[in-house]
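One structure is given below, encoded as structure tokens.
Hydrogens, waters and symmetry mates are skipped; everything else that's a heavy atom, side chains included, is used. Just so you know, ligand 1 is whichever comes first in the structure, and atom 1 is the first atom listed for that ligand. Bear in mind the structure is a predicted one, so any value in this text is a computation, not a measurement.
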Amino acid sequence: MTDRVLIQTEHLTIEGRSRAGHETWFRVRELGVALDIGRCPDEIIAVPNVFITHAHLDHAAGIPFYAGQRRLQRLESGRIWLPEEAADDLRQLMTIHERMEGTDYHIEIIGMAPGDTARVDRKHAVRAHAATHRVPARAWEFLELRHHLKPAFAGFDGATLAARRRAGEVVHDEVEYPILFYTGDTDRGILEQNEALFRAEVLMIECSFVGDQHHERAAMYRHIHFDDIAEFAWRFENQLVVLTHFSRRYSRQEIRDTIRRRCPRSLIDRIRIAIPE
Ligand SMILES: [Zn+2]
Ligand SMILES: [Zn+2]
């Protein structure tokens, strides 16, 4: 049985697999990105940009395999984005793998601090956010870069605009549209401290625990309990909220029933559960 899920949103196709302590990875085709890598399933090998939220093995174990497979398949070097605190350790780990295997791996390792923004491709940028967890962790906000004509050029025809651009004038403003926010592992601190997550078109947020007796456990291991999300229900402006990283102690049915019981009406229709039917 596979545990893979496929969630279609208005603009994104999200595929992946996510269970706490076991494995978490997602691929978002339209953005050309992977969110965490789990143990590196075949689907991720060809993805050029991989965003690791933190170094826990259920999220990051697949990095060396990704590098090795890309080399075997003669793909250009992939880019691993991760918390800056973990970047040097990963470089050393890759050096050890190279030594053990007598080979060179070409992956680009990009450490990001909270607040850092970088271009991912021609149309997209990423912003790193602090995530509250047991080890340094980043949440990733993906921004679509849209070009809006500057008001001063409103009504100009195409030929005129093209001429102005050739002459070196900037006729467009670049506007950032937050298309996806992925929290990775975190606790309710991110709901208390972060504004951006409530505004992205699609929010993917961890929800490790749903059970009545598991509030303390969630706090102790720095994870989110569904009641934390319910408490903030009125703040979510997102089109969809995808819940990820459920503990394996719960069946899909149990998760669905519990959420239906506890979720305020204003949010329930926008919730998706990242476990297949
Ligand atoms: Zn995890
Ligand atoms: Zn973790």
### Task
Examine all N, O or S atoms of His223, backbone included, and report whether one is under 2.8 Å from the Zn ion (ligand 2).
no

### Query
Does any N, O or S atom of His245, backbone or side chain, fall under 2.8 Å from the Zn ion (ligand 1)?
yes

### Summary
To the Zn ion (ligand 2), the closest N, O or S atom belonging to Asp185 is OD2

### Message
If the threshold is 4.0 Å, N to carboxylate O, is there a salt bridge linking Arg19 and Glu23?
### Response
no

### Query
Judged by atom type as modelled, is there a donor-acceptor pair below 3.5 Å linking the side chain of Asp36 to the main-chain atoms of Thr53?
yes

### Task
Run the ring-centre check on His133 versus His59 and record whether the distance is less than 6.0 Å.
no

### Message
Could you check whether any side-chain heavy atom of Leu191 comes within less than 4.5 Å of a side-chain heavy atom of Ile205, counting everything from C-beta outward?
### Response
yes

### Query
Would a distance-only check, ignoring hydrogens and angles, find a side-chain to backbone donor-acceptor pair under 3.5 Å from Arg272 to Asp269?
yes

### Query
Any N/O/S of His56 under 2.8 Å from the Zn ion (ligand 1)?
no

### Query
the Zn ion (ligand 1) is nearest to which N, O or S atom of His59?
NE2

### Query
Quick check: does Asp58 put an N/O/S atom under 2.8 Å from the Zn ion (ligand 2)?
no

